[in-house]
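The next block holds one structure in the form of C-alpha cells; read it before the comments.
Just so we're on the same page: letters track the sequence lines, and every chain starts at 1. If you're wondering where the values come from, they're calculated on a predicted model, not measured in any experiment.
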Protein chains: 2
Amino acid sequence: MTISDIAKELGITPSTVSRALSNSTRVNEKTRLKVQLVAQRMGYHPNVMASSLRKGTSGTIGMIVPRINRHFFSNVICGVERIVNPAGFNLLIYQSDEQHDKEVLGLQTFLKNRVAGIIISLASDTDDYSHLQQLSGMGVPLVQFDRVKDDLQGAKIVNDNFNGAYLGVKHLIKSGYKRIAHLAGALHLNVYNERLNGYLAALKEIGMGYDDRMIVTNVITRDAGADAITKVIDAGADAVFCAGDYSALGAMLEIKKRGLIIPDNIGVLGFANEPFAEIMSPALTSVEQNAFEIGNRAAQAIIQMIEKKDATINTEEVVPVRLIVRESTIKNNCLTF
Amino acid sequence: MTISDIAKELGITPSTVSRALSNSTRVNEKTRLKVQLVAQRMGYHPNVMASSLRKGTSGTIGMIVPRINRHFFSNVICGVERIVNPAGFNLLIYQSDEQHDKEVLGLQTFLKNRVAGIIISLASDTDDYSHLQQLSGMGVPLVQFDRVKDDLQGAKIVNDNFNGAYLGVKHLIKSGYKRIAHLAGALHLNVYNERLNGYLAALKEIGMGYDDRMIVTNVITRDAGADAITKVIDAGADAVFCAGDYSALGAMLEIKKRGLIIPDNIGVLGFANEPFAEIMSPALTSVEQNAFEIGNRAAQAIIQMIEKKDATINTEEVVPVRLIVRESTIKNNCLTF
DNA sequence: TACAAAAATACAAACGTTTGCATTAATTCA
DNA sequence: TGAATTAATGCAAACGTTTGTATTTTTGTA
C-alpha cells in the first residue's frame, strides 16, 4: 500500500498524491479530497522510513535516562511525551543504567536512526563527554536535564538544587535543630554538588560552622543511608539533610531501629519527594522537583532547536523546587501512629 | 558520511562496503578489515532509515503501556529493554494514558514507522479491538501482557492473578479473619476479573458465602479505596482484599483515620507490591508481580515471532506471583511504630 | 478568439542502503 | 599451461517518499 498504488487507482502521479497528503497548496482542493478519501479507504499508512530518508531527518527524538523506573525520570518522560507527540514527533527511549558505556551505545543507536534531537540526563558513571561533544558539530540538537555537564552545547533544564537544599536546611534550623548533618551524593554530579552548596550556605548564613564528620558523601541508596546515619549520629547530629529520599528512607529505618524518635530526637529531611515520602510514618519532609515541568521544558527546548536547525545554543533554565514540610522535621510533636 | 564515501576513499564500490560492514562471506577478509577501519576513522554511522527502507522492515519494536510512571509498567519496560537491545532492536514507547483513542494513535504511529512488532498492555478504556485485530493480517507480530484480550492473535504474557488473589485470601482466612471484603477493579479487564474469581474461589472453598455488599467494583485509585472501605466496614467486614495497592493505601489511611487498628480490627491485603507497601506502617501484605520477568518474556516472544515471521500464533504464558506477607494481615500483634 | 498568467499536474532525480546477477580475479586440478 | 571452478568485486535496480523543474490545463483579460 504505497503512494503509487493510490496514484494508479486515481490515474494521477505519485507526486500529486504526495502533495495531496501533505496538504500542499500546489494541488487542487478536489483532488486532495479524492486522494485522502482513497488513502483512507485503502488503509494507507505512509512509510516514514522512506519519508525521513528523503527528507534527511526523522521525526524521532531520542531520550536517554539513567533509570526508567525511577519516579523522577518516568515523570520527566511523561512530561516530554505530552509535548512531543502532539507536535508530531515520537520518542525513542534508552536506559543507561547509570553506565557510561550504555549511554554511548544508546547515543550511537540514536545517530544511526538519524534522530532529530537528543534529550539526556547523564549517567552517574559518565565523566567523559566526547560522545556528546560531537553532536553540535553534527547538527544534532542536545538538551540535557537534571544531571548536566555545563560546557556542552545545547539547552539545559535543571532543578534549583541549591535553593531546595538551602530552604530545607533553613527550615531545619528554624525547627530548632542545632547540629545538622548532610548525607551527600556523588559530588561530581552537579545535582549533588549544588545541594551540598545549598546546605553549606544555609549553615554559613547563621554562622553555624560545619564539621567534616557531619558530611558523608556518595550516599544515595537506602543501604548507604542506613550506614551513614550511624556515623553522623555518633558525631552528634540531631538532624540530617539527605540528598535523596532513598538515603533518607534508609536513615529513618535505622534511626527507628536504634529506638530514637523522629522528629523529636532527630530530624530528617529528604530530596525528591518520592511517592513514599508522604506515606511513611512519620511522613518525610522533602524537596519536591517538578519532573513533569522539566519534561515539558526539555521537550519545548528540543523542538525549538530542531525547528530553528540550531544545535549550538547554550541556555540554562532553572526550574523552581518546593519544600514540602511534613512530620519528620517538626519537633515536639510525635505524630507517629 | 555514507557508504559511498567509504567506497570512494578505498576505490571500491558501495556494494562491497555494504557487505564488508555486514560481515558478509562474500567479501575478502582483508578488505573487510580495511573497510571497517576506514568506517571507524571517518566516524561512519549507518543510516537505518535507508537500510530498513530497503529491507522492508525496521529494527524497532513498539511498546504501548497505559502509564509509563507506574512501577509495574516501568519495570516491564526495563525487562523488555534488557532483552531487546542486545538483540539489536530498539524500543519506541508510547503511553496510552488509559485512553483508547491514544492507544489507536500510538498504534498508527507504529505502523507508519513499520515497527517489527508491537508489545502492548491495554488501556482500561479500550473495549473495541479492531485496531489490534488488523495486525496479524498485516504480518505485524503482537504481544500482549498483563491486560490482554483473549481472542486476539499473538502471544500473551499474564500474571497469575487468580492464584495471587486465591493465595492472598486464603492467607487472610488462615489469619483468622471472618468477613473478607473485596475492593475490585474494573471487571471488564482480565486482571481484575481474575482477581475477583480467585477471591470467590478461596471463599467458596471453605464454604464461606459471599455477600454482595462486600464487593465494591471499579475501585482502583487511592481515593476510591478510601470511599469504598467505609462501605464494606459498615457492612461488617473485618478484612479487605484490595485489587491494587493504591486502593489498599487509601483504605488504610481511612481506617486509621477512623481510629481502627490494622491488622487487629481490620486486615488489609493489596496487590502489586508497590514500593511503598514495604515502607508503610503497618507494612502492607501484597501480591508481588514479577514485572521484570514479564518484560523478559514479552521481549522473547516478540523476537521469536519476528524471526519466524509468524504473526498468527496464539499462546499464553502465565507468570507466577508471590504473596508477600507483612504486618497488615497478621492479627494480635500491633507492629505499628 | 488569442494570449498571458496562474494553477494544477507530471516528470525525474535523489535520499542511502541492499541484493540478485554479471563480471573479473584468483585458485584448483587435470 | 589451460580449462574449470571458486572467490571477490562490480553493476544496477529497488525500497517509498519528496521536491525542483517542466509541462499541461485552466483561468482571466484584452
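Atom-to-atom, NZ of B:Lys112 to P of D:dT17 comes out at 12 Å; the value is rounded to the nearest Å. Between the CZ atom of B:Arg32 and the C1' atom of D:dT9 there is a distance of 16 Å, given to the nearest Å. As a whole-Å value, the separation of B:Arg114 CZ from C:dT17 P is 20 Å. Counting to the nearest Å, the C1' atom of C:dT9 and the CD atom of A:Glu29 are 16 Å from each other. Whole-Å rounding puts the B:Met49 CE to D:dC15 P distance at 18 Å. Between A:Ile3 atom CD1 and D:dA14 atom P the separation is 19 Å, expressed in whole Å. Rounded to a whole Å, the CG atom of A:Leu111 is 15 Å from the P atom of C:dG16. Nucleotide D:dT17 holds its P atom 12 Å from the NE2 atom of A:His45, rounded to whole Å.
Within a heavy-atom distance below 4.0 Å of DNA chain C, the residues of residues 10-28 of chain B found are B:Ser15, B:Ser18, B:Arg19, B:Arg26.
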Note to self: Before you tell me yes or no, could you show the steps for A:Glu9 and A:Lys34 under salt bridge (Lys or Arg N to Asp or Glu O under 4.0 Å), namely the whole-Å CA-CA distance, both residues' side-chain angles and the distance that decides it to 0.1 Å?
What the structure shows: CA-CA 11 Å; A:Glu9 177 81 11; A:Lys34 258 194 294 184; over 6 Å; no
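Residue contacts shown for A:Ser52 are absent, as no nucleic acid heavy atom lies under 4.0 Å away. At the heavy-atom level, A:Leu53 lies under 4.0 Å from base atoms of the strands shown.
Nearest-nucleotide assignment on DNA chain D puts the 5′-proximal partner with B:Thr31, out of B:Thr31 and B:Ala50.
With contacts defined as side-chain heavy-atom distances shorter than 4.5 Å, the pair B:Leu92/B:Met63 does not qualify. Two residues are said to be in side-chain contact when any heavy atoms from C-beta on lie closer than 4.5 Å; A:Val143 and A:Ile157 meet this criterion.
Pairs engaging residues 131-140 of chain B under the side chain to side chain donor-acceptor pair (under 3.5 Å) rule: B:Glu103-B:His131 [sequence neighbours left out]. Pairs engaging residues 80-99 of chain A under the ring-ring contact (aromatic ring centres under 6.0 Å, His included) rule: A:Tyr94-A:Phe110 [sequence neighbours left out].
Looking only at atom types and distance, the side chain of B:Thr16 has a donor-acceptor partner in the side chain of B:Thr13 under 3.5 Å away.
Using modelled atom types, one side-chain atom of A:Thr109 and one backbone atom of A:Leu105 make a donor-acceptor pair closer than 3.5 Å.
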